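Okay, structure first, notes after.
Residue indices begin at 1 and follow the sequence shown. Computed from a prediction, not measured in an experiment: that's the story for all the values here.
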Amino acid sequence: DLANCKLMTFPVGIYKAMRSVTEGIRRISLANNELKSITSRFVTTFSQLRELNLSGNYLHRLPEEVSSLLHLQAINLSRNRFRRFPEPLAAVTTLEAIDLEENEITEVPVEKLASMTALRSLNLQANPVGPEVRLLVRPLVPFDLLLSPEKPLPEA
């Protein structure tokens, strides 16, 4: 747990210090730091992750290597700077929960999400998502989709 440490990057020394135990690490929290990116080295080093909490940072993209996290079940990317759904997540077949609340997401790959068989919950609340995302209803997608209520149109 490295939450609330004002980290701007993942500490290189931790890679060295934890080299012998990285295979046993299943959960990492880097919440509420100042991270602007996650490196491919981070992803490949902690390849056995089941849960990853990156909420409350300045992330706007994920490395393609995220798709190699074959055991990842939950990822929290809430309160970051994503404008688009992080596409590498769509390739993680084990993902059950994705939290993207309070980002700036307008685009979502609807077809890719519909093919994520393990996905049970996708939180897109407090995002300016387009109307096509609101049309995602069961049985089209087998997961719970959380969206903020639509704002009423202003009267002319």
Side-chain angles (χ1 to χ4, degrees), residues 1-11 26-44 46-47 49-156:
D1 184 352
L2 292 172
N4 303 300
C5 293
K6 297 196 185 301
L7 296 175
M8 295 178 83
T9 59
F10 189 78
R26 304 285 186 254
R27 225 181 265 150
I28 291 179
S29 178
L30 291 165
N32 305 314
N33 281 294
E34 298 173 13
L35 300 173
K36 290 184 178 157
S37 66
I38 290 296
T39 64
S40 53
R41 180 180 182 188
F42 174 85
V43 174
T44 54
F46 299 104
S47 61
L49 284 179
R50 306 282 193 277
E51 294 177 34
L52 180 56
N53 186 348
L54 296 167
S55 64
N57 282 286
Y58 302 111
L59 301 173
H60 61 92
R61 60 176 291 281
L62 293 176
E64 288 298 320
E65 289 79 3
V66 164
S67 61
S68 69
L69 292 174
L70 303 177
H71 306 285
L72 190 65
Q73 296 171 337
I75 188 163
N76 187 339
L77 297 167
S78 63
R79 298 182 336 275
N80 273 285
R81 302 250 167 99
F82 289 94
R83 292 182 184 276
R84 304 177 79 185
F85 181 89
E87 298 238 3
L89 293 180
V92 182
T93 58
T94 53
L95 258 177
E96 295 175 7
I98 302 172
D99 189 344
L100 284 161
E101 185 172 358
E102 283 187 53
N103 276 278
E104 301 162 20
I105 296 174
T106 56
E107 296 179 40
V108 178
V110 174
E111 313 78 41
K112 290 182 181 179
L113 287 175
S115 68
M116 294 179 71
T117 56
L119 193 60
R120 299 288 165 254
S121 172
L122 173 59
N123 185 351
L124 288 170
Q125 290 181 316
N127 279 283
V129 293
E132 74 284 354
V133 178
R134 295 190 178 280
L135 299 174
L136 283 175
V137 293
R138 292 182 187 268
L140 186 61
V141 291
F143 52 84
D144 292 327
L145 178 62
L146 303 172
L147 295 171
S148 296
E150 269 189 286
K151 293 187 172 108
L153 295 172
E155 292 186 31

Would you tabulate the side-chain donor-acceptor contacts of residues 103-111 under 3.5 Å, counting partners in other chains and residues two or more places apart, or write 'none'?
from	atom 1	to	atom 2	distance (Å)
Asn103	OD1	Asn80	N	3.3
Asn103	OD1	Arg81	N	3.2
Asn103	OD1	Phe82	N	3.0
Asn103	ND2	Leu77	O	3.0
Asn103	ND2	Leu100	O	3.0
Asn103	ND2	Glu101	O	3.4
Glu104	OE1	Arg83	NH1	3.4
Glu104	OE1	Arg83	NH2	3.4
Glu107	OE1	Arg84	NE	3.3
Glu107	OE1	Arg84	NH2	3.1

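A heavy-atom distance below 4.5 Å is not found between the side chains of Glu102 and Ser78. Counting heavy atoms from C-beta on, the side chains of Phe42 and Leu35 never come closer than 4.5 Å. In this structure the side chain of Met116 never reaches within 4.5 angstrom of the side chain of Leu122, judged on heavy atoms. Between Val66 and Leu89, some side-chain heavy-atom pair lies under the 4.5 Å cut-off. For the pair Leu52 and Phe46, the minimum side-chain heavy-atom distance is 4.5 Å or more.
Every residue two or more places apart in sequence or in another chain was checked for a salt bridge (charged side-chain N to carboxylate O under 4.0 Å, His left out) with Glu64, and none qualifies. A search for side-chain hydrogen bond (donor to acceptor under 3.5 Å, both in side chains) contacts involving His71 returns Gln48, not counting sequence neighbours.
Here the side chain of Thr94 pairs a donor or acceptor atom with the backbone of Leu72 at under 3.5 angstrom.
Within the model, atoms CD of Glu51 and CD1 of Ile75 stand 11.0 Å from one another, a figure rounded to the nearest 0.5 Å. To the nearest 0.5 angstrom, Leu30 atom CG is 8.0 Å from Asn53 atom CG. A distance of 7.0 Å separates CZ in Arg120 from CD in Glu96, rounded to the nearest 0.5 Å. Interatomic distance, CZ of Arg27 versus CZ of Arg50, reported as 10.5 Å (0.5 Å rounding). A distance of 11.5 Å separates CG in Leu49 from CG in Leu70, rounded to the nearest 0.5 Å.
Minimum interatomic distance between Ser68 and Val43 (heavy atoms only, all atoms of both residues): OG-CG1, 4.1 Å.
Side-chain contact of Arg79 with Asn32: a donor-acceptor pair under 3.5 Å is present, judged by distance alone.
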